[in-house]
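Encoded as structure tokens, the structure appears first; notes follow it.
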Amino acid sequence: MKDSDIHKIVEILRDAVKNWKQPIVTQIAERGKDPFRILISTILSLRTKDDVTALASERLFSLAKTPEEMLRLGEEEIAKTIYPVGFYRNKAKTIKEICKTLVERYNGKVPDNLEELLKLRGVGRKTANLVITLGYNKPGICVDTHVHRISNRLGYVKTKTPEETEFALREKLPVEYWIEFNDLLVTLGQSICHPISPRCSMCPIKEYCDRIGVKRSR
DNA sequence: AAAACGGGGGC
DNA sequence: GCCCCAGTTTT
């Protein structure tokens, strides 16, 4: 693709994703933009299917809605509640630790900037950027495996790691698209642009795509 | 750079 | 049965 194609691509995807299933964290974000809910839901969603994540998130938030309330739950209780998300013991520990830090050092509020968010145990660049964009509506570029894969497949960036992709996008992606870019590409990635054997024939932006690294497609 | 965390679902 | 999944931390 040409760099100038990005405007057309975003425009097409904006229209197309309305008809597709939205990523779970985006769904949760739309219910009420509570940064704490976004943060915890994102932690739960790591390497875990959407429906399982949604169920676990709903159960956990029915027990506690704030860091203070959640801190009163035992680690075992959290683990039992969020089961069967992947890495559930690990995540229970992470959630407990994050709540403790939020209450003790951040007055029970989720930080609204990258630097502070990244200090939290279990929060990497992907999670931190998602909280900033969905929770605080601030410019940020959240790069997960979908964004990393598709940005390279399109030929928009040429990078080896998600972190490199984030910095490359910061250089060339128009800032007005930063917040929504992640949601558009994740939705496309889950519906059509799969890691293996993507369904290129029905992709709305196929005419702009270089298909870098795509061996077989449907 | 690679391993570890981990259960569920698709094929 | 084998492989993959909105990652991050540890070795």
Side-chain angles (χ1 to χ4, degrees), chain A residues 13 17 20-31 33 35-60 75-76 78-98 101 111 114-135 140-153 159-167 169 178-199 213-218:
Chain A
L13 289 180
V17 300
W20 299 338
K21 183 167 176 279
Q22 294 257 292
I24 190 62
V25 177
T26 304
Q27 288 180 40
I28 288 169
E30 283 171 358
R31 287 188 197 169
K33 293 209 164 198
F36 182 58
R37 223 182 143 105
I38 311 278
L39 174 59
I40 300 300
S41 300
T42 306
I43 303 264
L44 291 178
S45 77
L46 303 188
R47 311 292 290 170
T48 299
K49 286 288 196 289
D50 269 12
D51 50 348
V52 180
T53 302
L55 189 64
S57 179
E58 203 156 312
R59 280 212 303 259
L60 182 56
E75 198 174 308
E76 279 309 308
I78 295 177
K80 196 175 65 184
T81 304
I82 64 177
Y83 184 90
V85 297
F87 312 135
Y88 67 101
R89 290 184 198 288
N90 210 304
K91 287 174 184 174
K93 189 174 178 182
T94 297
I95 289 170
K96 183 86 177 172
E97 204 170 315
I98 285 178
T101 307
L114 264 189
E115 192 184 356
E116 297 299 321
L117 280 165
L118 288 171
K119 288 181 184 170
L120 298 172
R121 172 61 65 93
V123 175
R125 299 198 67 86
K126 177 254 174 179
T127 303
N129 274 294
L130 198 59
V131 169
I132 284 176
T133 56
L134 293 185
I141 296 180
C142 173
V143 177
D144 49 52
T145 53
H146 290 299
V147 175
H148 177 58
R149 178 183 69 255
I150 299 175
S151 295
N152 276 282
R153 206 171 255 181
T159 51
K160 287 194 168 61
T161 66
E163 188 176 23
E164 286 175 35
T165 301
E166 183 190 326
F167 293 128
L169 289 175
W178 283 19
I179 292 178
E180 66 180 320
F181 197 66
N182 169 269
D183 183 55
L184 295 177
L185 261 50
V186 171
T187 308
L188 180 69
Q190 291 178 342
S191 308
I192 290 178
C193 198
H194 300 155
I196 308 291
S197 197
R199 301 157 67 187
V214 177
K215 294 186 177 62
R216 285 192 307 276
S217 66
R218 285 181 281 167

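Within every chain, numbering begins at 1; the chains are lettered A, B, ... in the order of the sequence lines, protein sequences first and strands thereafter.
The same atom, P, is picked in dA4(B) and in dA6(C); the two are 22 Å apart, to the nearest Å. The separation of dC5(B) from dG1(C), taken at their P atoms, amounts to 23 Å, rounded to a whole angstrom. Nucleotides dG8(B) and dT8(C), compared at atom P, are 23 Å apart to the nearest Å.
Side-chain contact of S41(A) with S57(A): a donor-acceptor pair under 3.5 Å is present, judged by distance alone. With hydrogens and angles left out, the side-chain atoms of K91(A) and T48(A) include a donor and acceptor closer than 3.5 Å.
Using a 4.0 Å heavy-atom cutoff across all strands shown, N182(A) reaches at least one base atom of the nucleic acid. Counting any heavy atom pair closer than 4.0 Å across all strands shown, P23(A) reaches a base atom. If you check every strand for non-hydrogen atoms under 4.0 Å, P195(A) touches sugar and phosphate atoms only.
Rounding to whole angstrom units, NZ of residue K93(A) and P of dT8(C) are separated by 18 Å. Distance NZ (K119(A)) to P (dT9(C)): 15 Å, rounded to an integer number of Å. Going from atom CG of L44(A) over to atom P of dG7(C) covers 13 Å, rounded to whole Å.
Counting only distance, with no hydrogens or angles, the side chain of N152(A) and the backbone of T159(A) share a donor-acceptor pair below 3.5 Å.
Between the CD atom in E75(A) and the CZ atom in R89(A) there is a gap of 9.5 Å [rounded to 0.5 Å].
Annotation: of the two residues near DNA chain B, N90(A) and D51(A), the 5′-most nearest-nucleotide partner is N90(A). Mapping K49(A) and F87(A) onto DNA chain B by nearest heavy atom places F87(A) at the nucleotide closer to the 5' end.
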